[in-house]
*Asks:* 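Structure in structure tokens, see below.
Predicted model only: the values in this text are computed from it and were never measured. The chains referred to below are lettered A, B, ... by the order of the sequence lines, with proteins before strands, and numbering in each begins at 1.
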There are 2 protein chains.
Amino acid sequence: MYKISEFAEITGLSKETLRYYAEMKLLEPAFIDPKNNYRYYDDGSIFLATLLSKLRKLGFTIQEMISVMEDESFSNLEALLVQKKRKILKQINELQLQVEEIDEFLASGKEEPE
Amino acid sequence: MYKISEFAEITGLSKETLRYYAEMKLLEPAFIDPKNNYRYYDDGSIFLATLLSKLRKLGFTIQEMISVMEDESFSNLEALLVQKKRKILKQINELQLQVEEIDEFLASGKEEPE
DNA sequence: ATTGACCGTGGTGTGCACCCCACAGTTTAT
DNA sequence: ATAAACTGTGGGGTGCACACCACGGTCAAT
């Protein structure tokens with residue numbers, strides 16, 4: 001069982017992030033000492049924390065990660081990854097539209113020769 | 001000279017947006033009546049407001065629009081448009097990297113057949 | 001003069017994912 | 001026993017671009 005600082009070092013997540021995730025019920029400590037409210041994490045938590053860390057880097061939001069965690073067996077992980085991928089592709093599309101509009105704006109500005 | 005509501009209707013910007021832009025020194029009224037602090041806009045303001053409205057739709061932030069407005073002749077507008085385009089392309093790149101990482105993650109999960 | 005529409009200011013709220021701080025209790029090491 | 005190190009909680013702050021609110025003053029029309 002690891003205390004929060006130790007666990008933060010192991011996982012690379014900050015203490016504040018761990019407290020935040022606990023508050024969001026995204027990653028709850030394996031045990032909380034009722035005497036002092038200290039959070040204790042175990043080896044199972046390590047797997048979950050590194051998964052969350054990875055998903056964050058993939059652009060997942062907290063809400064999306066909560067969806068992932070809802071099924072303990074992670075049988076929906078693949079579907080959620082695909083879904084996230086589609087969301088990102090949509091964002092890319094929107095940005096490409098903006099680029100096109102900027103190009104049009106640039107072109108319209110050049111239609112006035114000297 | 002138009003009062004704020006009238007000007008809002010003409011330009012399509014909300015009153016709050018106009019007040020916000022005034023506060024940000026992005027689009028200052030042509031005249032402010034010192035007796036009641038009423039903001040008055042003129043025809044020159046219309047051109048600027050529609051330009052800002054257009055830039056917002058192109059994804060420009062307030063700060064970026066402030067850069068545009070800094071030169072009254074807008075001789076730097078083209079350069080700033082190009083610069084903005086580059087920023088967006090960079091964002092697109094980052095998102096594409098995320099997609100690739102998700103693909104890798106998906107592929108790694110499939111390496112374990114039944 | 002009165003009423004209703006309008007205006008300004010100052011403040012709060014929004015969503016996201018935390019960071020940082022002070023305060024107080026607790027644990028660990030010496 | 002004592003001091004240093006750690007922990008929790010509660011609160012505020014961050015950046016962005018406004019929206020929304022109440023309050024009080026003001027303007028326009030009648």
Side-chain angles (χ1 to χ4, degrees), chain A residues 1-42 45 49 51-69 84 87-88 91 94-95 98, chain B residues 1-42 45 49 51-69 84 87-88 91 94-95 98:
Chain A
M1 301 278 268
Y2 314 101
K3 281 197 288 189
I4 197 168
S5 279
E6 206 179 348
F7 193 67
E9 263 192 60
I10 295 174
T11 61
L13 298 171
S14 75
K15 286 182 284 186
E16 285 85 8
T17 298
L18 287 171
R19 291 202 191 99
Y20 180 61
Y21 285 5
E23 190 188 349
M24 294 290 101
K25 310 206 169 212
L26 182 55
L27 177 63
E28 302 189 73
F31 170 69
I32 295 180
D33 191 332
K35 290 173 190 164
N36 51 21
N37 286 335
Y38 277 25
R39 297 174 180 83
Y40 289 95
Y41 298 86
D42 62 9
S45 309
L51 174 60
L52 289 177
S53 179
K54 217 170 261 180
L55 292 176
R56 261 325 259 134
K57 285 176 194 156
L58 296 180
F60 275 66
T61 66
I62 302 292
Q63 285 311 312
E64 291 167 337
M65 293 197 296
I66 287 174
S67 299
V68 171
M69 298 310 245
K84 179 64 183 177
K87 277 191 202 173
I88 298 176
Q91 283 181 54
E94 287 165 14
L95 290 176
Q98 281 191 346
Chain B
M1 301 278 267
Y2 315 100
K3 282 197 287 189
I4 197 166
S5 278
E6 208 179 347
F7 194 66
E9 264 191 61
I10 296 174
T11 61
L13 297 171
S14 75
K15 288 182 284 185
E16 285 85 10
T17 298
L18 287 171
R19 291 202 191 99
Y20 180 60
Y21 285 5
E23 189 189 349
M24 294 289 102
K25 313 208 167 206
L26 182 54
L27 177 62
E28 302 189 72
F31 170 69
I32 295 180
D33 192 333
K35 289 173 189 162
N36 51 21
N37 286 335
Y38 278 25
R39 296 175 179 83
Y40 289 96
Y41 297 86
D42 62 8
S45 309
L51 174 60
L52 289 178
S53 179
K54 217 169 262 179
L55 292 177
R56 251 343 248 129
K57 285 175 193 155
L58 296 181
F60 275 65
T61 66
I62 303 292
Q63 285 310 312
E64 289 167 338
M65 295 197 295
I66 287 175
S67 299
V68 171
M69 299 309 246
K84 179 64 183 177
K87 275 192 205 174
I88 298 176
Q91 282 182 55
E94 287 166 13
L95 290 176
Q98 282 190 346

*Asks:* I need the CG-P distance between A:Leu18 and C:dC20, as an integer number of Å.
*Replies:*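 After rounding, the reported distance stands at 15 Å.
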*Asks:* Using every non-hydrogen atom in the two residues, find where B:Leu18 and B:Phe7 come nearest and quote the distance to one decimal.
*Replies:*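 Closest approach of B:Leu18 to B:Phe7, heavy atoms only: CD1-CD2, 3.8 Å.
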*Asks:* Grab the CG-C1' distance between A:Leu27 and C:dA17 for me, whole Å please.
*Replies:*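 Roughly 15 Å, once rounded to whole Å.
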*Asks:* List the residues meeting side chain to side chain contact (heavy atoms under 4.5 Å, CB included) with B:Arg39, not counting sequence neighbours, and say none if there are none.
*Replies:*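 Checked B:Arg39 against side chain to side chain contact (heavy atoms under 4.5 Å, CB included); matches are B:Ile4, B:Arg19, B:Ala22, B:Pro29, B:Tyr41.
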*Asks:* Mind jotting down which residue pairs meet the side chain to side chain donor-acceptor pair (under 3.5 Å) criterion with at least one end in residues 3-13 of chain A? Sequence neighbours excluded, please.
*Replies:*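 Those involving residues 3-13 of chain A do not exist here.
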*Asks:* On the nucleotide C:dC19, are OP1 or OP2 found under 4.0 Å from the side-chain N or O atoms that A:Thr17 carries?
*Replies:*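 Yes.
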*Asks:* Considering the terminal five base pairs at each end of the helix from C:dA1-D:dT30 to C:dT30-D:dA1, what angle separates the two local helix axes, rounded to 10°?
*Replies:*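 Terminal axis comparison yields 20°.
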*Asks:* Partners of A:Lys57 by side chain to side chain contact (heavy atoms under 4.5 Å, CB included), sequence neighbours excluded?
*Replies:*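 Counting only residues at least two positions away or on another chain, A:Lys57 forms a side chain to side chain contact (heavy atoms under 4.5 Å, CB included) with A:Ser53.
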*Asks:* Apply side chain to side chain donor-acceptor pair (under 3.5 Å) to B:Lys87 and list each qualifying residue two or more places apart in sequence or on a separate chain.
*Replies:*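 In terms of side chain to side chain donor-acceptor pair (under 3.5 Å), with neighbours along the sequence ignored, B:Lys87 is linked to B:Glu64.
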*Asks:* Which nucleotide of DNA chain D is the first, and which the last, in the 5' to 3' direction, to come under 4.0 Å of a heavy atom belonging to chain B?
*Replies:*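 Footprint of chain B along DNA chain D, 5' to 3': D:dA17 to D:dC27.
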*Asks:* Could you tell me which residues satisfy side chain to side chain donor-acceptor pair (under 3.5 Å) with A:Tyr2, sequence neighbours excluded, listed by chain and number?
*Replies:*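 With neighbours one apart ignored, the set is A:Asp43.
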*Asks:* Counting only non-hydrogen atoms, which of residues 58-69 of chain A are less than 4.0 Å from DNA chain C?
*Replies:*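 Here the set is A:Thr61, A:Ile62.
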*Asks:* Round to a whole Å and report the spacing from CG of A:Asp33 to C1' of C:dG25.
*Replies:*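 Whole-Å distance recorded here is 13 Å.
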*Asks:* For A:Ser67, enumerate each residue passing the side chain to side chain donor-acceptor pair (under 3.5 Å) test, keeping only those at least two apart in sequence or located in another chain.
*Replies:*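 Not a single residue meets the side chain to side chain donor-acceptor pair (under 3.5 Å) criterion with A:Ser67.
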*Asks:* Which residues satisfy the side chain to side chain contact (heavy atoms under 4.5 Å, CB included) test with B:Ile62, sequence neighbours excluded?
*Replies:*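 With sequence neighbours excluded, B:Ile62 shows a side chain to side chain contact (heavy atoms under 4.5 Å, CB included) to B:Tyr20, B:Tyr21, B:Met24, B:Leu26, B:Met65, B:Ile66, given in chain and number order.
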*Asks:* Distances for protein N/O vs nucleotides 2-7 of chain C N/O pairs under 3.5 angstrom?
*Replies:*
{"residue": "C:dC7", "atom": "OP1", "partner": "B:Ser5", "partner atom": "N", "Å": "3.2"}
{"residue": "C:dC7", "atom": "OP2", "partner": "B:Ser5", "partner atom": "OG", "Å": "2.3"}
{"residue": "C:dC7", "atom": "O4'", "partner": "B:Tyr38", "partner atom": "OH", "Å": "3.2"}

*Asks:* Mind checking the CD-CD spacing from A:Glu94 to B:Gln91? Nearest 0.5 Å is all I need.
*Replies:*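 The distance works out to 11.5 Å.
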*Asks:* Could you tell me the separation between the OH atom of A:Tyr21 and the C1' atom of C:dA17, rounded to a whole number of Å?
*Replies:*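 Taking OH of A:Tyr21 and C1' of C:dA17, I get 8 Å after rounding.
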*Asks:* Any side-chain to backbone donor/acceptor pair from A:Lys15 onto A:Ala8? Under 3.5 Å, distance only.
*Replies:*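 Checked: no pair found.
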*Asks:* Could you tell me the separation between the OH atom of B:Tyr40 and the CE atom of B:Met1, rounded to the nearest 0.5 Å?
*Replies:*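 So the gap between those two atoms works out to 8.0 Å.
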*Asks:* For the residue pair A:Lys84 and A:Ile88, establish whether any side-chain heavy-atom pair is separated by less than 4.5 Å.
*Replies:*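 The answer is yes; the side chains approach within 4.5 Å.
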*Asks:* For B:Asp33, check side chain to side chain donor-acceptor pair (under 3.5 Å) against everything at least two apart and list the hits.
*Replies:*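 Applying side chain to side chain donor-acceptor pair (under 3.5 Å) to B:Asp33 gives none.
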